[in-house]
Amino acid sequence: YEHNYQCPFCWETNTILLDTSVKKQTYIEDCEICCNPLEFKVVFKNEELVDFKVTPADSEISLSNRLANYFFKCTLNANPQLIENRLCFV
């Protein structure tokens with residue numbers, strides 16, 4: 001079962017493959033884009049997804065580290081862009 005979600009660190013949309021045979025799941029997996037750890041909580045009922053939550057797995061990650069990640073992302077492009085509703089000039 002494929003499910004789309006938005007990373008709470010980089011805000012990029014990702015796709016994850018979920019196992020419908022396990023009714024309740026909690027596990028940690030890194031974001032495919034920014035590599036930050038994410039905690040997934042998934043619930044299936046009759047092999048249908050009824051609850052899906054993705055949160056930062058490490059609540060100790062500071063805001064400054066997250067902002068540095070956004071700044072790095074912004075500097076990869078030659079044009080200004082919006083990241084988390086803020087315009088970055090490079």
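Reckoned from all heavy atoms, side chains included, excluding hydrogens, waters and symmetry mates.
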*If you take all heavy atoms of Asp30 and Cys35, which pair is closest and at what distance?*
CG-O, 3.7 Å

_Can you tell me how far apart CG (Asn14) and SG (Cys34) are? Round to the nearest 0.5 Å._
8.0 Å

*When rounded to the nearest 0.5 angstrom, what is the spacing between CG in Leu17 and CD in Glu29?*
9.5 Å

*Apply side chain to side chain contact (heavy atoms under 4.5 Å, CB included) to the pair Phe44 and Gln25, showing each step before the final yes or no.*
CA-CA 9 Å; Phe44 284 96; Gln25 308 170 43; 3.6 Å; yes

*Say you draw a straight line from CG of Asp51 to NZ of Lys45; how long is it, rounded to the nearest 0.5 Å?*
12.5 Å

_All salt bridge (charged side-chain N to carboxylate O under 4.0 Å, His left out) counterparts of Lys23, not counting sequence neighbours_ = none

Side-chain donor-acceptor contacts of residues 1-8 below 3.5 Å, not counting sequence neighbours, with atom names and distances?
| residue | atom | partner | partner atom | Å |
| --- | --- | --- | --- | --- |
| Asn4 | OD1 | Thr15 | OG1 | 2.6 |
| Gln6 | NE2 | Trp11 | O | 3.0 |

*Please indicate whether Asn46 has more than 12 foreign heavy atoms, meaning atoms of other residues, nucleotides or ligands, lying under 6.0 Å from its CG.*
no

_Intermediate values then yes/no, side chain to side chain contact (heavy atoms under 4.5 Å, CB included), Phe9 and Leu38_ = CA-CA 9 Å; Phe9 290 104; Leu38 305 172; 3.6 Å; yes

*Taking ILVMFWY side chains as joined if any heavy atoms are under 4.5 angstrom apart, and letting links pass through other members, which residues group with Val50?*
Val43

*Find the distance between CD1 (Ile16) and CD (Glu32) and round it off to the nearest 0.5 Å.*
8.0 Å

